[in-house]
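Fair warning: this is a prediction, and the values are worked out from it, not measured in the lab. Reminder, nothing fancy here: chain letters follow the sequence lines and each chain counts from 1.
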There are 2 protein chains.
Amino acid sequence: MPNLKLPPRRSDCPLNASLEIFGDRWTLLVVRDLMFGGRCSYRDFLKADEKIATNILAERLHRLEASGIVEKHRDVEDGRKINYRLTEKGIDLAPVLVEMIVWAARHEDTAAPPAVIHDMTVNRDTFIAGLRDRWKSGR
Amino acid sequence: MPNLKLPPRRSDCPLNASLEIFGDRWTLLVVRDLMFGGRCSYRDFLKADEKIATNILAERLHRLEASGIVEKHRDVEDGRKINYRLTEKGIDLAPVLVEMIVWAARHEDTAAPPAVIHDMTVNRDTFIAGLRDRWKSGR
DNA sequence: CCGGATCCGTTTCGATACTG
DNA sequence: CAGTATCGAAACGGATCCGG
């Protein structure tokens, strides 16, 4: 139980490490595509509604790889193709994304289907476990 | 329970609304200061370790106010002083910040005290309720 | 002192065109 | 398909100034 007489100080709650990695407009969108969209190639990411520029995408993929959040793999069936895949560190971002999506659905005008949001909130832990299962089985 | 046969599609999980508001390096640091640090004035925010520039801080405070995440108030005791305070929409960001802090503590090198992180994870809901209580009583 | 606003040199971003 | 190269626009940072 949090001690209300000695609440956490700012210095006890370092956000900088997270923000240095994904404190920008694009990085988490790529993670979302991998986590929810079943999209895993450069071309797939470009198809997102938000229309990321090619150079920005390439740079963000490099940074995500350097941070150990995504891994690059040659497609098993088509050796020319490159697939990106979340690492364990990457799938661990699921709670962050879920909370951001839920917050926006509550306070902003988003196109999130109420059923999905309901599932994310009421069955939050199961929902996240499901994402992780799907990630694990998708290998 | 999430349906693994029909997982949420990317388009069902809009992150853009959130990222448009706080998808940058500075905005959430101000929110953190208000939420965890007991810091609520312009001068307080400047004192943070991350050394935000004065013009950047002023612009972010305006944006946060325009988004309905913070409110401006004259200090009751010292009429010259201005205090910022989270709105309900602002305190609702607590789960997002907590997940970001927990993720970074797990995967990056941060200075977060293990006791606080343990509390954030094991007693997550109580921890967030405590933050909200403190916010409510601090009015 | 406090809460900014303004100016300015530097860095980063991002749209488009182009390439192996 | 998966990126680079280019180049103008925007953001950043640091310093300074200013009204209350």
Could you tell me the separation between the [atom1] atom of [X] and the [atom2] atom of [N], rounded to a whole number of Å?
X: B:Glu59; N: D:dC12; atom1: CD; atom2: P; value: 7 Å
X: A:Lys51; N: C:dT16; atom1: NZ; atom2: P; value: 12 Å
X: B:Ile56; N: C:dC7; atom1: CD1; atom2: C1'; value: 13 Å
X: A:Asp78; N: D:dC1; atom1: CG; atom2: C1'; value: 9 Å
X: A:Ile52; N: D:dT4; atom1: CD1; atom2: P; value: 14 Å
X: A:Asp24; N: D:dA11; atom1: CG; atom2: P; value: 14 Å
X: B:Leu57; N: C:dT6; atom1: CG; atom2: C1'; value: 16 Å
X: B:Asn83; N: C:dG4; atom1: CG; atom2: P; value: 11 Å

Please state whether the phosphate of [N], meaning OP1 or OP2, lies under 4.0 angstrom from any side-chain nitrogen or oxygen of [X].
X: B:Arg25; N: C:dC13; value: no
X: A:Trp26; N: C:dA15; value: no
X: A:Lys47; N: D:dC1; value: no
X: A:Tyr84; N: D:dC1; value: no
X: A:Arg43; N: D:dC1; value: yes

- Query: Taking N and O atoms by type only, does the side chain of B:Asn55 place a donor or acceptor under 3.5 Å from a partner on the base of C:dG4?
  - Reply: no
Practice problem: Check if the side chain of A:Thr54 and the base of C:dA15 share a donor-acceptor pair of N or O atoms closer than 3.5 Å. | Solution: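 By the distance-only test, no, there is no pair.
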What does A:Ile82 touch in the nucleic acid at a heavy-atom separation under 4.0 angstrom: a base, only the sugar-phosphate, or nothing?
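The answer is sugar-phosphate, as A:Ile82 gets under 4.0 Å only of primed atoms, P, OP1 or OP2.
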Using a 4.0 Å heavy-atom cut-off, does B:Arg60 contact any base of the nucleic acid, only the sugar-phosphate backbone, or nothing at all?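 Here B:Arg60 touches the backbone only, sparing every base.
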Practice item. Would you mind reporting whether B:Trp103 and B:Glu108 have side-chain heavy atoms less than 4.5 Å apart? Key: yes
Taking everything shown except B:Lys136 itself, do over 12 heavy atoms lie less than 6.0 Å from its NZ?
no
| message | Please pick, from D:dA2, D:dT4, C:dG4, the nucleotide with the shortest atom-to-atom distance to any side-chain atom of A:Ser41. | response |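 Looking only at heavy atoms from C-beta outward on A:Ser41, the closest nucleotide is D:dA2.
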Of the options D:dA2, D:dG3, C:dG4, whose atoms approach the side-chain atoms of A:Lys81 most closely?
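From the listed options, D:dA2 comes nearest.
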Taking A:Gly68's backbone N and O only, do any of them form a donor-acceptor pair with A:Thr87's side chain (distance below 3.5 Å, no angle check)?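 Yes.
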I'd like to know if the side chain of B:Asn16 pairs up with that of A:Arg25 as donor and acceptor (distance under 3.5 Å, no hydrogens or angles considered).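 On atom types as modelled, these side chains qualify, holding a pair under 3.5 Å.
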Is B:Arg132 salt-bridged to B:Glu88, cutoff N-O under 4.0 Å? yes
